[in-house]
A.B. asks: 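Provided herewith is a single structure, encoded as structure tokens, for subsequent inquiry.
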Amino acid sequence: MTKQTYSFCFCFRRRFSLPVSEAPPEIRTLFDRYSDENGIMTASHVRSFLVEVQKEKIVTEEEAQAIVDGHKHLSIFHRRGLNLESFFNYLFSSNNNPPLSPSLGVHQDMSSPLSHYFIYTGHNSYLTGNQLSSDCSDLPIINALQKGVRVIELDIWPNESKDDVDVLHGRTLTSPVALVKCLRSIKQYAFVASEYPVVITLEDHLTPDLQAKVAEMVTQTFGDILFSPGSESLKEFPSPKSLKRRIIISTKPPKEYIEAKEVQEKGEGSQKEKPVDDEEAWGKEVPSLRGGTISDHKNIEDEDDLDNEDDTDEAEYSRQNASDEYRRLIAIHAGKPKGGLTECLKVDPDTVKRLSLSELQLEKAAETHGKEIIRFTQRNILRVYPKGTRIASTNYNPLIGWMHGAQMVAFNMQGYGRSLWLMQGMFKANGGCGYVKKPDFLLKTGLNNEVFDPKARLPVKKTLKATIYMGEGWYHDFKHTHFDQYSPPDFYARVGIAGVPHDTVMKKTKSVEDNWSPSWNEVFEFPLSVPELALLRVEVHEYDMSEKDDFGGQTCLPVWELRSGIRAVPLYSRKGEKYHNVKLLMRFEFI
């Protein structure tokens, strides 16, 4: 057994054994059950195991034989099948035995209107860092598109000489990037990760002559792939399937921009946001539906509304001279009608639209108009965006939007933290295409026009039983003193559910001391009343008695697509990047 040495108190050294990963007791028991008297698992045995334990519905003898052929080289003296070691290696291979089926791909019905889908949505997609002083660039846009994000937001402003258009976060210290550069990058990378449509939401702060220039830029850049239904509002949104490899523009028609008044949220502009260190970014739980801290830089609680700075003559001029070419580009019309929330949420049978609310506006609206929001999102699109005081580009709990049917829950993709991990977990579903079909209960009404109530305590539909056996890979992906200067790490795992309030919970294993390949062998049960909105959260941390616990990896998985059985679960960094070797061996059962 290999030894590892740590320096201690300058002149002393401590030596620790590096244990080889071994099959947990339950895996040994299963191997004994599904192997012959010689300790060999033939293709027939493998097939029985896949059907009975892994709950694979259809497994052919040829598929089972392919598994044997792919792993029997690990046991050169057993050419007929798998021994315990090769069987264990097969189970613990995240390439061959992942928790989500790679063969599923895009498997949901993609022929319904856009309003029937959750859509992977970015906020201020051009920012490289914080909301106040970071650079604007097309690189964050490219990164987002490569990860499958389908909605890109651009704030467009006149450049310094007022003769061209820049993208920047207005009234801040952010440095601009040319709009045309962003548009060209979107065209180049739009369909690298997914062939389904990309929506560009524009926050327009332009004069009519520059709106005309934007219309020309957009038309020349995208050409035939631009979806442009004309100046009339749509009566129903097209489907993702019908819009494959198309670009869609969404913004307010110019007249609505001029007439809009800025809405200021009480309590959002009086305090400074706390600095976001590692503890804030990943050490604390996903924020509850209320909470957060605030900024003093400017009130941008409602980004879709301009400051009412124009005098009447200028406003009238703009209304009369708004660019017709620009207006015709808009496929998804946005805007807030006069008359308050009740008027905003009215459903027009003859037209569809997009409404934007800040996270705090949605929280307040959900208190009094929760069912109306769900009815609105059955036909129309609701975009939720971070409050303007999230200076450090942090995010909020996305479940507040999803459980009310909001399609575009807009996130700062350049940051990291538990909220963003949930977003990444949701959009691992449906082949990672950036569109996830909303559950039927968010799309239908009952006989008495009743709709889903996110606050109601519903009966348990199913229970997820999750067993976490062990983990490995940290020794290869981290320096040997990364977690502890004087000894191997003391790992523990946190396992839980993010979902509707009554399903949300986190649990914790014991810590395993001084071990790079910890074995926990612990079982957790999670009763789920709304499994269709449940995300499995898994994190690994290293216990530190004197300081803050160290981060050891995380993943977030859509429960409705989890494969039953024993699976190798790869872990990801804080920024959502997959580690080369770090993984967990887990079992998932639905009871």
A.B. asks: Between Lys461 and Glu532, does any side-chain N to carboxylate O distance fall below 4.0 Å?
C.D. replies: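 The answer is yes: the pair qualifies as a salt bridge.
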A.B. asks: Could you report the tightest heavy-atom contact between Pro240 and Pro197, atom names first, then the distance?
C.D. replies: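 It is O-CD, 3.6 Å.
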A.B. asks: Within this structure, what is the CE-OH distance for the pair Met110 and Tyr117, rounded to the nearest 0.5 Å?
C.D. replies: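 Spacing of CE (Met110) from OH (Tyr117) equals 5.5 Å.
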A.B. asks: Can you confirm whether or not the ring centre of Phe483 sits under 6.0 Å from the ring centre of Phe491?
C.D. replies: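 Yes.
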A.B. asks: Hey, are the side chains of Ser115 and Gln407 touching, using non-hydrogen atoms and a 4.5 Å cut-off?
C.D. replies: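 Yes, their side chains come closer than 4.5 Å.
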A.B. asks: Are any of the side-chain heavy atoms of Arg80 and Asp36 separated by less than 4.5 Å?
C.D. replies: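 Arg80 vs Asp36: side chains touch.
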A.B. asks: Name the residue from Trp421, Tyr416, Tyr396 that meets the ring pair (Phe, Tyr, Trp, His ring centres under 6.0 Å) definition with Phe411.
C.D. replies: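 Answer to the ring pair (Phe, Tyr, Trp, His ring centres under 6.0 Å) test with Phe411 among Trp421, Tyr416, Tyr396: Tyr396.
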A.B. asks: Given the side-chain rings of Tyr196 and Tyr120, with only the six-membered ring counted for Trp, is the space between their centroids under 6.0 Å?
C.D. replies: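 Here the rings of Tyr120 and Tyr196 have centres that are no less than 6.0 Å from each other.
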A.B. asks: Tell me whether Arg563 is salt-bridged to Glu56, with the criterion being a basic N under 4.0 Å from an acidic carboxylate O.
C.D. replies: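 The answer is yes: the pair qualifies as a salt bridge.
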A.B. asks: Parallel, tilted or perpendicular: which one describes the rings of Phe452 and Phe441, with boundaries at 30° and 60°?
C.D. replies: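 Geometry flag for Phe441 against Phe452: tilted rings.
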A.B. asks: Should we count NZ of Lys510 as having more than 12 external heavy atoms under 6.0 Å?
C.D. replies: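 Yes, NZ of Lys510 has more than 12 neighbouring heavy atoms, counting only those of other groups under 6.0 Å.
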A.B. asks: Take Leu464 and Leu562 through the test side chain to side chain contact (heavy atoms under 4.5 Å, CB included) and record every step on the way to the result.
C.D. replies: CA-CA 10 Å; Leu464 170 63; Leu562 272 182; 4.1 Å; yes
A.B. asks: Taking all non-hydrogen atoms of both residues into account, name the closest pair between Met403 and Pro501 and its distance.
C.D. replies: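 The answer is SD-CD, 3.9 Å.
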A.B. asks: Val559 and Leu535: side chain to side chain contact (heavy atoms under 4.5 Å, CB included), yes or no, with the steps?
C.D. replies: CA-CA 5 Å; Val559 166; Leu535 298 166; 5.7 Å; no
A.B. asks: Is it true that a side-chain atom of Thr377 and a backbone atom of His404 form a donor plus acceptor pair closer than 3.5 Å?
C.D. replies: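 Here the side-chain-to-backbone pair exists.
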A.B. asks: How long is the straight-line distance from CG of Asn430 back to CH2 of Trp560, given to the nearest 0.5 Å?
C.D. replies: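 Separation between the atoms: 10.0 Å.
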A.B. asks: Glu359 side chain to Lys387 main-chain N or O, any donor-acceptor pair under 3.5 Å?
C.D. replies: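 The answer is yes, because a donor-acceptor pair under 3.5 Å joins these two groups.
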A.B. asks: Is it true that a side-chain atom of Ser86 and a backbone atom of Leu82 form a donor plus acceptor pair closer than 3.5 Å?
C.D. replies: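 Checked: no pair found.
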A.B. asks: Answer with yes or no after comparing the ring centroid distance for Tyr34 and Phe87 against a 6.0 Å cut-off, counting only values under it.
C.D. replies: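 No, the ring centres sit 6.0 Å or more apart.
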A.B. asks: Are any of the side-chain heavy atoms of Met426 and Val409 separated by less than 4.5 Å?
C.D. replies: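 No, side chains not in contact.
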A.B. asks: Could you grab the distance from atom CG of Leu399 to atom CE of Met423, nearest 0.5 Å is fine?
C.D. replies: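 Separation between the atoms: 10.0 Å.
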A.B. asks: Do Ser529 and Asp503 come within less than 4.5 Å of each other through their side chains, counting heavy atoms only?
C.D. replies: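 Yes, at least one pair of side-chain atoms sits under 4.5 Å.
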A.B. asks: Give a yes or no on whether Lys428 atom NZ has more than 12 heavy-atom contacts from other residues, nucleotides or ligands under 6.0 Å away.
C.D. replies: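 For Lys428, atom NZ is crowded (more than 12 foreign heavy atoms under 6.0 Å).
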A.B. asks: Can you tell me how far apart CG (Leu104) and CD (Glu561) are? Round to the nearest 0.5 Å.
C.D. replies: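 Here the interatomic distance stands at 6.0 Å.
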A.B. asks: Can you find a pair of side-chain heavy atoms, one from Leu557 and one from Leu100, that are under 4.5 Å apart?
C.D. replies: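 In short, these two side chains touch, coming nearer than 4.5 Å.
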A.B. asks: Just by distance, do the side chain of Lys147 and the backbone of Gly576 share a donor-acceptor pair under 3.5 Å?
C.D. replies: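 No; zero donor-acceptor contacts below 3.5 Å.
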A.B. asks: Can you find a pair of side-chain heavy atoms, one from His482 and one from Glu542, that are under 4.5 Å apart?
C.D. replies: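 When only atoms from C-beta onward are counted, Glu542 and His482 do not touch, as no gap falls below 4.5 Å.
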A.B. asks: Roughly how far, to the nearest 0.5 Å, is the OG atom of Ser48 from the CE atom of Met41?
C.D. replies: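 Answer rounded to 0.5 Å: 8.5 Å.
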A.B. asks: So Phe118 and Trp402, would you call those rings parallel, tilted or perpendicular, with 30° and 60° as cut-offs?
C.D. replies: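 Rings of Phe118 and Trp402: tilted, as their planes differ by 30° to 60°.
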A.B. asks: Are side-chain heavy atoms of Glu539 and Gln554 found at a separation under 4.5 Å?
C.D. replies: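 Yes, their side chains come closer than 4.5 Å.
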A.B. asks: Looking only at atom types and distance, does a side-chain atom of Asp477 sit under 3.5 Å from a main-chain N or O of Asn581, one as donor and one as acceptor?
C.D. replies: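 It does hold such a pair.
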A.B. asks: I'd like to know whether Leu422 forms a side chain to side chain contact (heavy atoms under 4.5 Å, CB included) with Arg418, so could you lay out the CA-CA distance, the side-chain angles of the two residues, the decisive distance to 0.1 Å, and finally the verdict.
C.D. replies: CA-CA 6 Å; Leu422 298 185; Arg418 283 193 169 108; 5.8 Å; no
A.B. asks: So, is the end of the Lys507 side chain (NZ or CZ) under 6.0 Å from the ring centre of Phe526 and within 45° of the ring's axis?
C.D. replies: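 Yes, a cation-pi geometry holds between Lys507 and Phe526.
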A.B. asks: Show the numbers, then the answer: is there a side chain to side chain contact (heavy atoms under 4.5 Å, CB included) between Ile373 and Leu362?
C.D. replies: CA-CA 9 Å; Ile373 295 171; Leu362 177 60; 3.8 Å; yes
A.B. asks: Can a donor-acceptor pair be found, under 3.5 Å and without considering hydrogens, that links the side chain of Asp549 to the backbone of Asp544?
C.D. replies: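 Answer holds: yes.
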A.B. asks: Has Thr555 got a side-chain atom pairing as donor or acceptor with Val538's backbone, closer than 3.5 angstrom?
C.D. replies: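 It does not hold such a pair.
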A.B. asks: Side chain of Glu85, backbone of Asn83: donor and acceptor closer than 3.5 Å?
C.D. replies: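 Looks like no, no N/O pair under 3.5 Å.
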A.B. asks: Mind listing the closest non-hydrogen atom pair of Glu367 and Lys455 along with its distance?
C.D. replies: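 Answer, listing the atom of Glu367 first, then Lys455: O-NZ, 3.4 Å.
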A.B. asks: Is the cationic atom of Lys583 (NZ for Lys, CZ for Arg) positioned less than 6.0 Å from the six-membered ring centroid of Phe92 and within 45 degrees of its normal?
C.D. replies: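 The answer is yes, since Lys583 meets both limits relative to Phe92.
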A.B. asks: How many angstroms lie between CG in Asn97 and CD1 in Ile566, if you round to the nearest 0.5 Å?
C.D. replies: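 One gets 8.5 Å once the value is rounded to the nearest 0.5 Å.
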A.B. asks: Give the minimum heavy-atom separation between Lys438 and Gly405, together with the two atoms involved.
C.D. replies: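 Scanning both residues, the minimum pair turns out to be NZ-O, 2.8 Å.
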A.B. asks: If you take all heavy atoms of Asn96 and Ser93, which pair is closest and at what distance?
C.D. replies: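 Reported closest heavy-atom pair: ND2-OG, 3.0 Å.
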A.B. asks: Is the CD atom of Gln146 crowded by more than 12 outside heavy atoms at less than 6.0 Å?
C.D. replies: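 Check passes, neighbour count above 12.
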A.B. asks: Check Leu528 against Ala534 and note the closest heavy-atom contact, atom names and distance.
C.D. replies: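 Taking every non-hydrogen atom into account, CD2-CB, 4.2 Å.
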A.B. asks: Verify the ring-centre separation between Tyr475 and His480: is it less than 6.0 angstrom?
C.D. replies: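 No, they do not, as the ring centres are separated by 6.0 Å or more.
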A.B. asks: Using the ring pair (Phe, Tyr, Trp, His ring centres under 6.0 Å) rule, pick out the option among Phe551, Tyr572, Trp474, Phe478 that qualifies with Tyr579.
C.D. replies: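 Filter result, single survivor: Phe478.
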A.B. asks: Is the backbone of Asn412 close enough, under 3.5 Å, to the side chain of Asn395 for a donor and an acceptor to pair up by distance?
C.D. replies: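 The answer is yes, because a donor-acceptor pair under 3.5 Å joins these two groups.
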A.B. asks: Please indicate whether Ile591 has more than 12 foreign heavy atoms, meaning atoms of other residues, nucleotides or ligands, lying under 6.0 Å from its CD1.
C.D. replies: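 Enclosed: over 12 neighbouring heavy atoms sit under 6.0 Å from CD1 of Ile591.
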A.B. asks: Counting distance only, does the side-chain N/O of His45 pair as donor-acceptor with the main-chain N or O of Thr42 below 3.5 Å?
C.D. replies: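 Answer holds: yes.
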A.B. asks: Taking C-beta and beyond as the side chain, do Gln54 and Val59 meet within less than 4.5 Å on heavy atoms?
C.D. replies: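 Answer no - side chains too far apart.
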